[in-house]
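Any value given below was found using the heavy atoms of this structure, including those in side chains, with hydrogens, waters and symmetry copies removed.
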Amino acid sequence: MIPGEVSRRIVLASRSPRRRELLSGLGLDFEVRVIPGIDESYPAGLPPAEIPCAIARKKAEAYRPDMKEDELIITADTVVILDNGILGKPRDREEALGMLHRLAGRTHEVVTGVVLADCHRQSAFSVISEVDFAPLRDEEIRYYVDTFHPYDKAGAYGIQEWIGYIGVQGIRGSFYNVMGLPVQQLYRELEKWRTGNEGR
């Protein structure tokens with residue numbers, strides 16, 4: 001699927017500038033639409049790796065009443081998993097510092113769930129990447145948090161920022177998934193929708 005083959009109007013349902021940047025990289029025309037205040041809760045006891053798709057599905061359902069017949073909505077959610085627990089977006093400086101102290105010198109997982117939906121059906125997939133962090137000094141963590149204010153990022157870091165340059169020792173899986181949108185897999189899923197093979 002190349003950009004000229006897309007016949008649907010693609011809508012990215014995300015306020016994330018990183019997701020906008022990554023989807024733009026595919027060369028596709030799309031619009032951004034954001035509904036504020038969507039409930040992002042999930043059932044207690046849901047395995048951590050299943051949470052992103054569950055939240056992305058809830059986001060997609062919130063957009064369904066206003067979808068047009070020719071639109072394809074993309075929703076996504078990303079979580080960081082450490083010790084089988086979720087590290088979401090930090091609420092403040094202290095929580096961001098604490099998250100990075102926990103991640104330093106360890107390996108964690110980043111999982112992004114993505115849902116594609118139109119007026120009649122939807123498909124979902126998730127991608128997991130493993131990230132190895134080097135040990136970090138207190139001064140490095142404080143500098144990053146105070147300079148980059150990573151309060152809108154799961155796990156309190158952006159791999160494309162300074163902390164990723166100095167802290168990430170290795171990745172197994174998609175780099176772009178860690179940024180927030182696994183564009184290689186998304187491209188393949190969009191191709192399935194173009195050919196009528198979605199969900200297969």
Side-chain angles (χ1 to χ4, degrees), residues 1-36 38 40 51-53 55-60 62-63 71-81 87-90 96 99-100 103 108-117 122-131 133 143-168 170-194:
M1 180 196 70
I2 59 176
E5 296 175 328
V6 178
S7 59
R8 290 173 177 265
R9 294 172 56 200
I10 296 175
V11 177
L12 176 63
S14 175
R15 67 178 76 250
S16 166
R18 293 164 297 282
R19 291 193 180 119
R20 296 177 194 182
E21 175 189 350
L22 291 170
L23 187 57
S24 293
L26 291 180
L28 304 176
D29 292 327
F30 65 94
E31 67 174 273
V32 173
R33 191 178 303 162
V34 177
I35 297 176
I38 295 176
E40 297 187 10
I51 290 171
C53 268
I55 295 176
R57 286 190 180 98
K58 292 187 77 171
K59 292 178 180 178
Y63 285 83
E71 290 182 339
L72 179 62
I73 303 284
I74 300 172
T75 62
D77 192 76
T78 300
V79 299
V80 170
I81 301 175
L87 297 183
K89 298 174 183 177
M99 287 182 182
L100 290 171
L103 293 172
H108 63 274
E109 293 181 331
V110 179
V111 185
T112 300
V114 180
V115 169
L116 289 78
Q122 67 174 229
S123 64
F125 68 92
S126 63
V127 173
I128 300 176
S129 302
E130 290 186 341
V131 181
F133 252 81
Y143 169 79
Y144 173 68
V145 170
D146 292 340
T147 303
F148 290 87
H149 312 290
Y151 306 123
D152 64 336
K153 299 174 178 65
Y157 80 94
I159 194 169
Q160 73 280 8
E161 295 177 341
W162 183 84
I163 198 77
Y165 294 174
I166 67 127
V168 174
I171 302 174
R172 286 170 295 283
S174 167
F175 173 87
Y176 299 111
N177 180 53
V178 183
M179 280 185 67
L181 193 65
V183 284
Q184 190 276 334
Q185 184 63 30
L186 175 59
Y187 178 86
R188 298 303 171 193
E189 293 297 321
L190 287 168
E191 171 71 6
K192 292 178 184 178
W193 277 78
R194 185 185 70 84

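Residue Ala117 comes nearest to Gln122 through the heavy atom pair CB-CB, 3.6 Å, listed as atom of the first residue, atom of the second, then distance. Looking at every heavy atom in both residues, Val115 comes nearest to Cys53 through CG2-O, 4.3 Å. The two atoms that bring Pro90 and Lys153 nearest to each other are CD-O, 3.3 Å, heavy atoms only. In plain terms, the two heavy atoms of Tyr144 and Gly158 that are nearest each other are OH-N, 3.0 Å. When all heavy atoms are compared, the tightest approach of Thr112 to Pro52 is C-CB, 4.1 Å. Scanning both residues, Asp29 and Ile10, for their nearest heavy atoms gives O-CB, 3.9 Å.
Note that OG of Ser16 and CE of Met179 are 8.0 Å apart. Values are rounded to the nearest 0.5 Å. Separating the CG atom in Leu22 from the CG atom in Leu181 is a distance of 5.5 Å, to the nearest 0.5 Å. Atoms CZ and CG, from Arg57 and Asp77 in turn, are 12.0 Å apart once rounded to the nearest 0.5 Å. Remark: Arg8 CZ to Leu28 CG distance equals 13.5 Å, nearest 0.5 Å. Atom-to-atom distance recorded for Leu87:CG and Glu109:CD is 12.0 Å, nearest 0.5 angstrom. From Gln160, atom CD reaches atom CZ of Phe175 across 6.5 Å, with rounding to the nearest 0.5 Å.
Under the ring-ring contact (aromatic ring centres under 6.0 Å, His included) criterion, Phe133 pairs with His108, Tyr157, sequence neighbours left out. For the ring-ring contact (aromatic ring centres under 6.0 Å, His included) test, residues two or more places apart in sequence or in another chain that qualify with Tyr143 are Trp162.
Distance alone, capped at 3.5 Å, is enough to place a donor-acceptor pair between the Asn177 side chain and the Val127 backbone. Lys59 contributes no side-chain N or O that, together with a main-chain N or O of Ile38, makes up a donor-acceptor pair within less than 3.5 Å.
A 6.0 Å sphere centred on CZ of Arg172 holds more than 12 heavy atoms belonging to other residues, nucleotides or ligands.
Counting heavy atoms from C-beta outward, Leu72 and Leu116 have side chains that approach closer than 4.5 Å. Side-chain contact check for Val131 versus Val178: some heavy-atom pair is nearer than 4.5 Å. At a threshold of 4.5 Å between non-hydrogen side-chain atoms, the residues Leu186 and Phe125 count as touching. Considering only heavy atoms from C-beta on, Leu23 comes within 4.5 Å of Phe30 through its side chain. Proximity of Leu100 to Val145: side-chain heavy atoms (C-beta onward) are separated by under 4.5 Å at one or more points.
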Between Thr75 and Arg19, is the side chain to side chain donor-acceptor pair (under 3.5 Å) condition met? List the steps. CA-CA 10 Å; Thr75 62; Arg19 291 193 180 119; over 6 Å; no

Report the C-alpha separation of Tyr176 and Ser129 in whole Å, then their side-chain angles, then the decisive distance to 0.1 Å, and conclude whether the side chain to side chain contact (heavy atoms under 4.5 Å, CB included) test is met. CA-CA 9 Å; Tyr176 299 111; Ser129 302; over 6 Å; no

Any chance you could lay out the side chain to side chain contact (heavy atoms under 4.5 Å, CB included) test for Val32 and Arg20, step after step, and finish with the verdict? CA-CA 8 Å; Val32 173; Arg20 296 177 194 182; 3.6 Å; yes

For Glu189 and Val114: C-alpha separation, side-chain torsions, deciding distance, then whether side chain to side chain contact (heavy atoms under 4.5 Å, CB included) applies. CA-CA 10 Å; Glu189 293 297 321; Val114 180; over 6 Å; no

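Salt-bridge annotation for Lys89 and Asp152: absent, with no side-chain N of the basic residue lying under 4.0 Å from a carboxylate O of the acidic one. Under a 4.0 Å N-O distance rule, the pair Arg33/Glu31 qualifies as a salt bridge.
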